[in-house]
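Below, chains carry the letters A, B, ... as their sequence lines are ordered, and counting in each starts from 1. Because the structure is predicted, anything quoted here is derived from the model rather than measured.
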There are 2 protein chains.
Amino acid sequence: MNAGSDQDRRIRILLAEDQAMIREALATLLDLEPDMRVVGQVGRGDQVADAVTALGGVDVALLDIEMPGLDGLSAAAELRRRHPETKVVVLTTFGRPGFLRRAMEAGAAAFMVKDAPAARLAEAIRRVLAGERVIDPDLAAAALADGVNPLTGRERDVLAASADGSVNAEIADKLCLSEGTVRNYLSACIQKTGARNRAEAVRIAQEKGWL
Amino acid sequence: MNAGSDQDRRIRILLAEDQAMIREALATLLDLEPDMRVVGQVGRGDQVADAVTALGGVDVALLDIEMPGLDGLSAAAELRRRHPETKVVVLTTFGRPGFLRRAMEAGAAAFMVKDAPAARLAEAIRRVLAGERVIDPDLAAAALADGVNPLTGRERDVLAASADGSVNAEIADKLCLSEGTVRNYLSACIQKTGARNRAEAVRIAQEKGWL
DNA sequence: AACCTCGTATGACAACCGTCATGCCCACAG
DNA sequence: CTGTGGGCATGACGGTTGTCATACGAGGTT
């Protein structure tokens with residue numbers, strides 16, 4: 001198993017992805033590259049930074065966004081604090097402009113979507129190690145075109161709390177607000193997203209990665 | 001590429017999955033098994049049956065549920081009609097009881113969730129070829145416990161049409177119904193799901209795989 | 001100091017939504 | 001041939017939601 005022994009010069013990779021089958025398949029794929037080696041795998045975002053510490057550092061952390069415990073973007077931010085030398089590649093199912101923006105803010109060096117060809121993944125890892133940043137041009141354009149998240153912090157809170165179908169009274173309760181205030185915030189969210197009701201506002205905000 | 005030549009006895013597999021990176025990674029994984037060979041890959045549900053025809057038949061079709069064009073469950077049903085000898089393995093991100101139920105109705109021989117260990121996939125394929133059915137026991141129990149979909153066909157239509165945040169008038173328009181009828185159906189959906197409004201009804205129905 | 005944005009709140013009004021009773025037609029099972 | 005269940009419709013009622021005007025304090029900018 002430890003073929004390269006103490007002189008192994010391959011790129012050391014930590015893989016974080018919650019779906020075991022996908023995680024193992026990606027690990028197999030990367031291990032087939034002659035210059036790469038997956039030295040650790042985790043299935044939760046909150047295990048990322050600890051795993052890097054336990055491994056004595058890695059060259060690249062490949063992080064899925066959709067993970068239990070801590071999402072990949074927050075995990076990237078934590079990693080940046082605790083292991084600033086580690087390069088972060090964010091991998092996601094959904095190419096949402098807001099996700100790209102947040103990934104960049106969290107210090108990610110690359111942003112990949114899962115429907116890109118597999119060969120691009122290894123390529124991105126090599127380019128990141130060479131100091132480049134790797135971002136899908138279409139996605140970058142979309143992120144710029146969409147502009148910044150127009151929702152204020154509190155508006156996001158209220159909209160997110162409404163996403164599961166809670167009624168005003170419950171949202172007010174959860175966030176310790178008056179019911180009228182909840183209505184005001186939701187009204188603002190609806191106008192800013194251009195929606196016609198809270199449900200559509202939730203959908204639009206999620207599509208753009210604003211929640 | 002054609003290592004086994006005309007005497008190849010390996011299991012011939014068609015892989016249908018929309019995310020190219022995942023699809024290629026799974027293909028790599030399965031091709032590493034000495035007795036398996038991925039002979040075709042497609043990224044859309046509506047290409048499944050045609051691909052099997054073009055390949056002159058396959059032993060196993062591995063179908064993701066979440067696909068553009070035609071979802072994996074409908075693709076499985078089409079495959080059953082056009083190539084009844086092909087074994088179908090359904091693979092999905094979401095282990096929803098309703099999905100399992102529909103997969104079985106569509107004639108699937110196995111139902112796998114993507115967070116199972118990768119080794120189980122190859123194992124499932126071999127067992128399916130041996131004539132077994134392979135289903136996660138937890139999921140089977142959940143499917144039985146949940147009972148059948150209580151929504152009538154039209155109730156499903158209306159609830160599905162409301163999922164994107166459309167208002168009653170739009171739903172009525174889309175389905176050529178009166179606005180009052182839309183309200184009646186949605187009211188029924190809300191009661192049958194035990195929800196407090198349409199948004200929650202949509203969430204619950206989706207969780208159970210009723211849409 | 002004047003101004004802006006954000007968070008919070010209230011009250012009023014109109015529009016929309018959820019419920020219920022009731023009716024009709026059609027198909028299918030008993 | 002008489003229930004029973006699904007599909008469709010109307011009307012009425014009360015509750016929820018969306019909008020708007022207005023207000024106040026805290027924090028930051030000009």
Problem - Partner set under side chain to side chain donor-acceptor pair (under 3.5 Å) for A:R133, not counting sequence neighbours - result: none

Exercise for the section: Whole angstrom is fine here: how far is it from CG in A:L177 over to C1' in C:dA9? Expected result: 10 Å

Exercise for the section: Using the test side chain to side chain donor-acceptor pair (under 3.5 Å), find all partners of A:E66 that sit at least two apart in sequence or belong to another chain. Expected result: A:T92

Exercise for the section: Measure from CG on A:L175 to P on C:dG7 and round the result to the nearest Å. Expected result: 12 Å

Exercise for the section: Name all residues meeting the side chain to side chain donor-acceptor pair (under 3.5 Å) criterion together with A:R126; count only those two or more places apart in sequence or in a different chain, and write none if there are none. Expected result: A:E33, A:D35

Practice task
Identify whether any heavy atom of A:T181 sits under 4.0 Å from a base atom; if not, whether one sits that close to sugar-phosphate; answer base, sugar-phosphate or nothing.
Solution key: base

Practice task
Using atom CD of B:E155 as one end and atom P of D:dC8 as the other, report the distance to the nearest whole Å.
Solution key: 11 Å

Practice task
For the helix from C:dA1-D:dT30 to C:dG30-D:dC1, figure out the bend between the end axes, five pairs an end, and round to 10 degrees.
Solution key: 30°

Fill in the blank from the handout: Here the salt bridge (charged side-chain N to carboxylate O under 4.0 Å, His left out) pairs for residues 135-144 of chain A, sequence neighbours left out, are none

Exercise for the section: Please identify each residue that fulfils side-chain contact (heavy atoms from CB on, under 4.5 Å) with B:A172, with sequence neighbours left out. Expected result: B:V182

Handout entry: Length of the line joining A:N149:CG and C:dT5:C1', which is rounded to integer Å
Key = 16 Å

Practice task
Sequence neighbours left out, what passes side-chain contact (heavy atoms from CB on, under 4.5 Å) with B:A27? Give chain and number order.
Solution key: B:L15, B:V38, B:Q41

Exercise for the section: Rounded to the nearest angstrom, tell me the gap between atom OH in B:Y185 and atom P in D:dG5. Expected result: 16 Å

Practice task
Kindly determine whether B:N197 and A:R198 satisfy side-chain hydrogen bond (donor to acceptor under 3.5 Å, both in side chains), including the steps that lead there.
Solution key: CA-CA 12 Å; B:N197 51 50; A:R198 59 185 68 193; over 6 Å; no

Completion exercise
Quick note, side-chain hydrogen bond (donor to acceptor under 3.5 Å, both in side chains) partners involving residues 45-62 of chain B, not counting sequence neighbours, are B:R44-B:D46, B:D50-B:R82, B:T53-B:R82, B:T53-B:H83

Handout entry: Partners meeting side chain to side chain donor-acceptor pair (under 3.5 Å) with B:D71 (sequence neighbours left out)
Key = B:S74

Exercise for the section: Using a 4.0 Å cut-off on protein heavy atoms (strictly under), produce a 5'-to-3' string for nucleotides 14-30 of chain D with B for base contact, S for backbone-only sugar-phosphate contact, and - for none. Expected result: ---BBBB----------

Practice task
Produce a footprint string for nucleotides 25-30 of chain C: one letter per nucleotide, 5' end first; B if the base is under 4.0 Å from any protein heavy atom, S if only the sugar-phosphate is, - if neither.
Solution key: ------

Handout entry: Pairs touching residues 94-114 of chain A that satisfy side-chain hydrogen bond (donor to acceptor under 3.5 Å, both in side chains), sequence neighbours left out
Key = A:E17-A:K114

